[in-house]
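Proteins come first, then strands; the chains are lettered A, B, ... in the order of their sequence lines, and each starts at number 1. Below, each value reflects all heavy atoms present in this structure, side chains not excepted, and no hydrogens, waters or symmetry copies.
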Number of protein chains: 2
Amino acid sequence: MPSRAIESPTVPDGDIQLESQQIKQAGLKVTAPRVKILSILENCGKRHLSAEDVYKELLSQQEEIGLATVYRVLTQFESAGLVCRRHFEGGQSVFELNSGEHHDHLVCVKCGKIVEFADSIIEERQARIAAENGFEIEEHSLVIYGVCSESGCQKKA
Amino acid sequence: MPSRAIESPTVPDGDIQLESQQIKQAGLKVTAPRVKILSILENCGKRHLSAEDVYKELLSQQEEIGLATVYRVLTQFESAGLVCRRHFEGGQSVFELNSGEHHDHLVCVKCGKIVEFADSIIEERQARIAAENGFEIEEHSLVIYGVCSESGCQKKA
DNA sequence: GGAAAATTGAGTATCTTTCGCATCTTGCTC
DNA sequence: GAGCAAGATGCGAAAGATACTCAATTTTCC
């Protein structure tokens, strides 16, 4: 069965100790904004957040962290391999914790629901196609846009 | 059909007759900017152009067409099915004439070269994955980023 | 506890794309 | 062809996302 769903890990409550550890291991100084942002990524319940989402969450928690810092920190986390940045259609990028395993996405164009999946057959075909064209793959992005099974989404517009 | 043209003698590329036809069939009024832009998409040599690329090409041809119009026209062409808009990484979207057949892209991260490909196995897997997750596919986007075989690109940075 | 180096916040800048609106064209009619 | 309403254009301004500048603050290391 080459195709399997990847479920979001059920994250435990924020653990400053743990988050500081991860940040340190990533080679970054442990600062309040970084710990806080990582904690939100781990515990807010959603796996895919835009910088704006993170910022709003911070505001709702009375945190005094600027939007510029959110962008900076997310970019640093990306460079450090802690998070992955995705560019779905619709303007802004979304960030998700790096699960370590590559996967692609199914996005509902109605409700925005996101399902992750990995498929070895597709991966293999991609590798072959790249090779046939003399390309050395660096990364790839596969996003399937559609309508999910929610009744509200199925409704014809 | 002696096709003596009454129009001015200064239209270097394209066939105004033909482009006007396409625009009309798309349900749009035939205007100079639209004809000119379609002509550029058809004759400029590159298959993938950003709005900015089109605008620069217009400027180089001494055409007095505003950037806002370029965006508007491209968006209308997209709605009309004449062109497809792609969102590769790196900010701006690129437009290509709608060839009628779906295909995906290989993009060289060094030189920007773009290779199109279609793979029925991948398509089929995507359909299956969407179905397994209760999604009704609307469209999808698969882009493989890598380094092409050009010697300049192969060079390690 | 202190100094050097890194980080932050706030505002500004930039890039891409869209909007508002007065003016000009197109397509259709007579 | 001339007249007209609907639609299109140009330009500047606006918007949305993200990056940069820089002074002030915080972290790390000793």
Side-chain angles (χ1 to χ4, degrees), chain A residues 16-17 19-38 40 48-56 58-59 61-80 82-95, chain B residues 6-8 16-17 19-38 40 48-59 61-80 82-95:
Chain A
I16 298 175
Q17 228 73 32
E19 281 130 18
S20 301
Q21 192 69 18
Q22 294 179 264
I23 292 169
K24 196 170 294 176
Q25 286 180 338
L28 298 168
K29 281 191 181 177
V30 176
T31 65
R34 286 176 183 160
V35 171
K36 199 67 207 159
I37 290 172
L38 183 53
I40 284 175
H48 303 82
L49 295 173
S50 67
E52 198 62 40
D53 290 335
V54 172
Y55 182 58
K56 279 198 276 224
L58 286 167
L59 288 185
Q61 292 180 24
Q62 260 70 47
E63 295 290 333
E64 297 278 316
I65 295 178
L67 182 55
T69 298
V70 173
Y71 274 103
R72 255 183 317 228
V73 170
L74 287 172
T75 301
Q76 292 160 342
F77 281 1
E78 185 191 13
S79 304
L82 284 175
V83 306
C84 293
R85 184 193 300 246
R86 310 280 180 182
H87 303 88
F88 296 155
E89 289 187 28
Q92 49 189 12
S93 324
V94 295
F95 298 81
Chain B
I6 320 166
E7 85 276 344
S8 60
I16 300 176
Q17 230 73 32
E19 282 131 16
S20 302
Q21 192 71 20
Q22 295 180 265
I23 292 169
K24 195 170 297 179
Q25 287 182 337
L28 297 168
K29 281 190 180 179
V30 177
T31 66
R34 288 178 182 160
V35 171
K36 200 67 207 162
I37 290 172
L38 184 53
I40 284 175
H48 302 82
L49 295 172
S50 66
E52 197 63 39
D53 290 336
V54 172
Y55 182 58
K56 280 200 276 238
E57 184 61 26
L58 285 167
L59 287 184
Q61 292 180 26
Q62 259 71 48
E63 295 290 334
E64 297 278 319
I65 295 178
L67 181 55
T69 298
V70 173
Y71 274 102
R72 256 184 314 229
V73 169
L74 287 172
T75 300
Q76 292 160 340
F77 282 2
E78 185 191 14
S79 303
L82 284 174
V83 307
C84 294
R85 184 193 300 245
R86 310 279 181 182
H87 304 89
F88 296 155
E89 288 185 31
Q92 51 189 12
S93 324
V94 296
F95 297 81

Of Ala32(B) and Gln76(A), the one whose nearest nucleotide on DNA chain C sits closer to the 5' end is Gln76(A)
Residue pair Lys29(B)/Ala51(B) against DNA chain C: nearer the 5' end by closest nucleotide is Ala51(B)
Report yes if a side-chain nitrogen or oxygen of [X] is closer than 4.0 Å to either non-bridging phosphate oxygen (OP1 or OP2) of [N]; otherwise report no.
X        : N       : result
Ser93(A) : dT18(D) : yes
Tyr71(A) : dT18(D) : yes
Thr31(A) : dT8(C)  : yes

Closest to side chain of [X], choosing from [options]:
X        : options                   : answer
Arg72(B) : dT26(C), dT16(C), dG20(C) : dG20(C)
Pro33(A) : dG9(C), dA17(D), dT17(C)  : dG9(C)
Ile65(B) : dA19(D), dG10(D), dA8(D)  : dG10(D)
Thr69(B) : dT8(C), dA19(D), dG10(D)  : dG10(D)
Arg85(B) : dT18(C), dG10(D), dT8(C)  : dT18(C)
Val73(A) : dT28(D), dT26(C), dT8(C)  : dT8(C)
Ala68(B) : dT7(C), dC11(D), dC20(D)  : dC11(D)

In this structure, how many angstroms lie between the [atom2] atom of [N] and the [atom1] atom of [X], rounded?
X        : N       : atom1 : atom2 : answer
Lys56(B) : dC15(C) : NZ    : C1'   : 12 Å
Glu64(B) : dC24(C) : CD    : C1'   : 14 Å
Glu52(A) : dT18(D) : CD    : C1'   : 11 Å
Gln92(A) : dA19(D) : CD    : P     : 13 Å
Leu67(A) : dA10(C) : CG    : P     : 11 Å
Leu74(A) : dA17(D) : CG    : C1'   : 13 Å
Gln21(B) : dG27(C) : CD    : P     : 12 Å
Glu78(A) : dA17(D) : CD    : P     : 18 Å

> Under a 4.5 Å cut-off applied to non-hydrogen side-chain atoms, are Gln76(A) and Leu82(A) in contact?
Replying inline: no
### Task
Would you check if Arg85(A) and Leu74(A) make a side-chain contact, meaning some heavy-atom pair closer than 4.5 Å?
no
Under a 3.5 Å distance rule, please check whether Ser20(B) uses its side chain to pair with a backbone N or O of Ile16(B) as donor and acceptor.
yes
Shortest non-hydrogen pair, Gln61(B) vs Ile40(B), comes out as NE2-CG1, 4.1 Å
**OP:** Please assess Lys29(B) against Arg34(B) for the test side-chain contact (heavy atoms from CB on, under 4.5 Å), listing each intermediate value before the final yes or no.
**Re:** CA-CA 9 Å; Lys29(B) 281 190 180 179; Arg34(B) 288 178 182 160; 3.7 Å; yes
